[in-house]
Amino acid sequence: MSMLIETAVELGLITSLTVLALFLSYSMLNVCDLSTDGCFTLGACTGAVVAIAGHPFLSLPAAILAGMLSGCITALLQTKMGIDSLLSGIIVNTALFSINIAIMGNSSLLNMNKTETVFTVLKKILEGTVLEGKQVLICALIAVIIVLIFLNMFLKTRLGTAIRATGNNPAMVKSSSINPHVMTMIGLCLSSGMTALSGCLLSQSQKSVNIDIGSGMLTISLASLLIGKILAGSSSSLEIRSICAVFGTIIFRLVYTFALRLNMPAYMLKLVSSVIVIMAIAVPYLKQRYPLLKRRQEARREQC
Amino acid sequence: MLEMINVSKTFNANSSYAKEVIRNLDLSVADGEFVCIIGANGSGKSTLFSLIAGSEFSDEGKIIIDGKNVTMDEEYIRATYIGRLFQDPMLGSAPDLTVYENLMLAAKQGSWLSVPKKKEKEYLKERLRELDMGLDERMNTPVRLLSGGQRQALTLIMATINPPKILLLDEHTAALDPESAEKVIRITKDITAKNRITCLMITHNMNQALEIGDRTLMLSEGKIVYDVSGEERKKLTVTDLVARFRQATGKDLDDEILLV
């Protein structure tokens with residue numbers, strides 16, 4: 001059982017990088033980046049190919065760069081080409097399917113059983129210490145902490161504040177003589193880089209990558225993000241909100257693991273995450289609407 | 001300071017809904033001048049501001065600011081020397097950001113990747129204290145929690161923290177309660193006078209149009225139909241102005257024009 005929990009936490013930490021990416025693009029910049037699934041796979045494929053070529057450490061920046069490039073293109077489509085924000089995400093996502101297979105050398109599956117990855121390198125270092133065998137947990141934790149620190153420092157800068165303002169009131173950004181297009185571009189670049197890093201780490205920890213590794217990742221991550229939002233309550237502190245996003249992801253994975261133990265079939269993951277997203281967004285909305293609907297009913301009854 | 005030469009703007013050109021909002025308009029505003037603009041609904045006042053600010057582009061004509069042709073410059077570029085306030089106090093600031101964060105973005109001191117220093121925060125706080133609207137005590141409050149008057153005062157400070165060459169005020173007190181409106185008008189007068197900012201203000205308040213500033217313009221169907229300043233303006237009463245309005249437009253006053 002403790003093994004299962006550990007795996008759930010590992011998976012939670014690794015995918016929380018995607019959730020933090022959405023924290024930047026969805027919660028801050030107010031753009032729902034539908035290229036997330038493809039971008040996650042892009043990071044996984046790029047990382048795997050570079051690692052297989054014998055550069056385990058280079059695989060991480062390579063994946064991040066590939067992701068940033070993809071984010072840049074998504075942003076260009078929606079700011080300079082007049083394509084709707086949701087549509088440009090879908091288009092890039094579709095295009096990435098071909099690109100990902102091309103990156104993997106005309107194959108939809110790569111095996112890294114004998115490949116040296118960041119995890120195997122760390123495993124060797126940890127041999128003989130108390131932390132032996134915990135390489136995935138430690139590596140994921142380090143990555144999450146670094147990204148959390150970076151993200152929070154970044155959001156405090158003038159640039160980070162301007163990105164938050166762009167998602168909040170683009171008119172105000174323009175009148176402060178800041179180009180909102182550039183802000184969207186930088187925001188999506190960074191968030192896509194984080195998503196790709198997340199994919200890269202997941203593929204290396206699983207020692208394989210297939211073309212479906214990222215499918216459904218956006219909805220799963222949104223579910224985690226929204227669980228994190230409930231954890232954070234009404235806090236407006238960015239630190240608390242971002243840390244809660246990470247805990248939200250871990251909780252999501254833990255709940256999912258327990259559900260599996262209770263004989264829920266594994267293929268239900270995506271249905272469950274969809275339902276969580278629907279509930280997290282619709283319930284507050286309906287709560288707000290309910291008194292109005294009730295009054296409308298009453299008013300109609302009176303007419304009869 | 002501001003020179004508009006033969007400027008025209010038609011919305012929905014080449015369609016049966018085409019509407020010429022600004023027609024061959026010429027306008028020259030001197031450095032430091034404060035101009036009040038009146039006109040009925042649809043007379044082109046707000047479009048005139050949009051053309052000056054760059055959120056719309058004119059079909060013909062030239063707009064020259066400080067000797068430079070800016071007719072086709074984008075809005076965010078012109079925003080470095082043009083400040084603009086709208087009737088809706090919600091438009092000028094980002095609701096989920098704090099008072100300080102909004103002001104810090106507008107102040108634009110230091111590089112993009114820097115975290116603003118304590119000294120800068122103190123300076124901005126000092127500027128808010130001058131407003132006397134209690135904003136300096138609410139630096140870390142999200143803007144959405146402020147009242148309309150406070151938000152409009154904040155927007156005014158944001159627009160003028162780096163004194164612009166031109167300030168455009170589009171009925172910026174019309175949505176406020178009388179007390180806040182008066183405060184915001186006082187702040188407007190103080191700031192523009194202190195920094196010698198060239199200012200154009202749209203108003204529906206005929207009294208305001210004569211009392212504030214140095215010059216009054218009347219717009220009708222995209223043209224300036226009356227332009228008064230100096231001694232002649234000082235002698236003018238609200239009744240005279242209303243008569244002028246009727247004469248120029250051939251219409252009675254709109255309901256929304258305030259006589260008091």
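These numbers come from the heavy atoms of this one structure, side chains and all, not from hydrogens, waters or symmetry mates. This is a predicted model, so every value here is computed, not measured.
- Applying the 6.0 Å contact sphere to NZ of B:Lys9 captures more than 12 heavy atoms from other residues, nucleotides or ligands.
- When heavy atoms are compared at a cutoff of 4.5 Å, B:Ser111 approaches chain A solely by way of its backbone atoms N, CA, C and O.
- Of the inter-residue distances, the one linking A:Lys156 atom NZ with B:Glu101 atom CD reads 8.0 Å to the nearest 0.5 angstrom.
- Checked against side chain to side chain donor-acceptor pair (under 3.5 Å), A:Asn169 has no partners two or more places apart in sequence or in another chain.
- Between chain B and the residues A:Thr157, A:Asn168, A:Thr166, the most heavy-atom pairs under 4.5 angstrom are made by A:Asn168.
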Exercise. Run the side chain to side chain contact (heavy atoms under 4.5 Å, CB included) check on B:Tyr100 and A:Thr161 step by step: do they pass?
Worked result: CA-CA 11 Å; B:Tyr100 167 59; A:Thr161 313; over 6 Å; no
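- The minimum heavy-atom distance between A:Ser175 and B:Ala79, with the atom names listed, is O-CB, 3.6 Å.
- In this structure, OG1 in B:Thr80 is found 12.0 Å from CD1 in A:Ile178, a value given to the nearest 0.5 Å.
- Annotation: side chain of B:Asp96 is not in contact with side chain of A:Arg164 (no heavy-atom distance under 4.5 Å).
- When side chains are defined from C-beta on, A:Asn179 does not count as touching B:Glu74, because their heavy atoms never get closer than 4.5 Å.
- When all heavy atoms are compared, the tightest approach of B:Met158 to A:Ser176 is CE-OG, 4.5 Å.
- No other option in B:Arg78, B:Met104, B:Arg84, B:Met90 has as many heavy-atom pairs under 4.5 Å with chain A as B:Met104.
- Counting heavy-atom pairs under 4.5 Å between each of B:Pro95, B:Gly92, B:Pro116 and chain A puts B:Pro95 at the top.
- The two residues A:Ala162 and B:Trp112 come nearest to each other via the heavy atoms CB-CZ3, 3.8 Å.
- Here the OG atom belonging to B:Ser114 is positioned 4.0 Å from the CZ atom belonging to A:Arg158, to the nearest 0.5 angstrom.
- When each of B:Ala107, B:Ala106, B:Ser93 is scored by its heavy-atom pairs under 4.5 Å with chain A, the top score falls to B:Ser93.
- Listed for the B:Lys108 side chain is a donor-acceptor partner under 3.5 Å among the backbone atoms of A:Ser177.
- For the pair A:Met172 and B:Asn102, the tightest heavy-atom approach, listed with the atom from each and the gap, is CE-OD1, 3.3 Å.
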